[in-house]
J.: 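One structure coming up, written as structure tokens, with questions to follow.
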Amino acid sequence: MTAVTGRVAAAMRGETRIADRVVAKIAAQAAKEAIDEPPADGASPRATVTVHRDAARVRVSLELGYPSDVGRQCGAVRRRVAQRVKALAGMEVPEVAVQVERLHPAGAAQGRIR
């Protein structure tokens with residue numbers, strides 16, 4: 001057996017790099033989890049991410065039901081995305097931009113059936 005006599009310094013061990021697309025998937029899933037009642041015929045949230053060192057700037061595009069408290073839901077998405085990216089990727093999230101692309105009126109699908 002060979003005994004280990006010294007430890008390798010942290011700077012010499014290398015680094016873990018998480019791809020932008022992985023962080024984007026985490027952000028999109030977190031946004032989906034944060035929406036109260038996603039519209040039945042709405043698209044899933046999409047996210048784009050720019051990572052610089054240990055910080056990620058996130059842009060989320062989503063669709064919401066209407067009527068709803070759009071501001072409250074966007075705030076919930078911002079908080080959830082920042083929390084999940086920090087927890088799963090270990091990155092700070094100084095900015096989460098939420099873009100609501102479409103509002104789906106309640107009962108719109110039922111109105112088409114009649």
Side-chain angles (χ1 to χ4, degrees):
M1 276 196 263
T2 305
V4 178
T5 57
R7 298 204 181 263
V8 177
M12 301 302 292
R13 289 185 222 150
E15 66 181 354
T16 301
R17 181 152 164 29
I18 300 172
D20 293 8
R21 70 177 191 266
V22 173
V23 179
K25 287 182 180 186
I26 293 169
Q29 180 61 37
K32 186 175 183 178
E33 294 168 1
I35 298 172
D36 290 340
E37 293 181 33
D41 59 341
S44 291
R46 293 171 310 284
T48 56
V49 175
T50 303
V51 176
H52 183 69
R53 297 188 186 178
D54 291 333
R57 295 192 184 280
V58 182
R59 179 179 205 82
V60 178
S61 299
L62 49 83
E63 298 180 7
L64 297 174
Y66 181 82
S68 66
D69 187 345
V70 175
R72 184 185 56 75
Q73 288 198 66
C74 289
V77 167
R78 283 186 196 96
R79 285 186 297 278
R80 180 70 176 181
V81 167
Q83 172 194 29
R84 297 301 286 165
V85 169
K86 172 89 172 153
L88 296 175
M91 296 179 183
E92 293 297 325
V93 184
E95 177 183 347
V96 178
V98 179
Q99 178 178 346
V100 178
E101 291 191 345
R102 184 174 174 198
L103 296 174
H104 292 266
Q110 296 168 350
R112 285 186 230 136
I113 295 172
R114 293 182 185 167

J.: Just how far is it from atom CZ of Arg59 to atom CZ of Arg46, taken to the nearest 0.5 Å?
T.: 11.5 Å
J.: For residues Ala56 and Pro94, report the shortest heavy-atom separation together with the two atoms involved.
T.: O-CD, 3.5 Å
J.: Could you report the tightest heavy-atom contact between Gly65 and Pro39, atom names first, then the distance?
T.: N-CG, 3.8 Å
J.: Over all heavy atoms of both residues, which pair between Pro45 and Ala28 is shortest? Give the atoms and the distance, please.
T.: O-CB, 3.6 Å
J.: Does the Gln99 side chain pair with the main chain of Ser61, one donor and one acceptor, at a distance under 3.5 Å?
T.: no
J.: If you measure from CG on Asp41 to NE2 on His104, what distance do you get to the nearest 0.5 Å?
T.: 5.0 Å
J.: Residues two or more places apart in sequence or in another chain: which of them pass side chain to side chain donor-acceptor pair (under 3.5 Å) with Ser44?
T.: none
J.: Using side-chain contact (heavy atoms from CB on, under 4.5 Å) as the criterion, list what pairs up with Arg79, not counting sequence neighbours.
T.: Ala76
J.: So, taking the atom named CG in Asp54 and the one named NZ in Lys86, what distance separates them when rounded to the nearest 0.5 Å?
T.: 9.0 Å
J.: Output all residues satisfying side chain to side chain donor-acceptor pair (under 3.5 Å) with Arg80, sequence neighbours left out; order by chain, then residue number.
T.: Glu33
J.: Might you confirm whether atom CD of Glu37 has over 12 heavy atoms from other residues, nucleotides or ligands at distances under 6.0 Å?
T.: no
J.: Other than Val51, which residues form its hydrophobic cluster under the rule that side-chain heavy atoms must be closer than 4.5 Å?
T.: Ile18, Val22, Val23, Ile26, Ile35, Val49, Val58, Val60, Leu62, Leu64, Tyr66, Val70, Val77, Val81, Val85, Leu88, Met91, Val93, Val96, Val98, Val100, Leu103
J.: Connecting only ILVMFWY residues whose side-chain heavy atoms lie within less than 4.5 Å of each other, what is the rest of Met12's hydrophobic cluster?
T.: Val8
J.: Could you pull out all residues at least two apart from Arg21 that satisfy side chain to side chain donor-acceptor pair (under 3.5 Å)?
T.: none
J.: For Arg72, does the CZ atom sit with more than 12 other heavy atoms under 6.0 Å from it, leaving out its own atoms?
T.: yes
J.: Identify the two heavy atoms, one from Ala27 and one from Ala47, that lie closest to each other, and give their separation to 0.1 Å.
T.: CB-CB, 3.8 Å
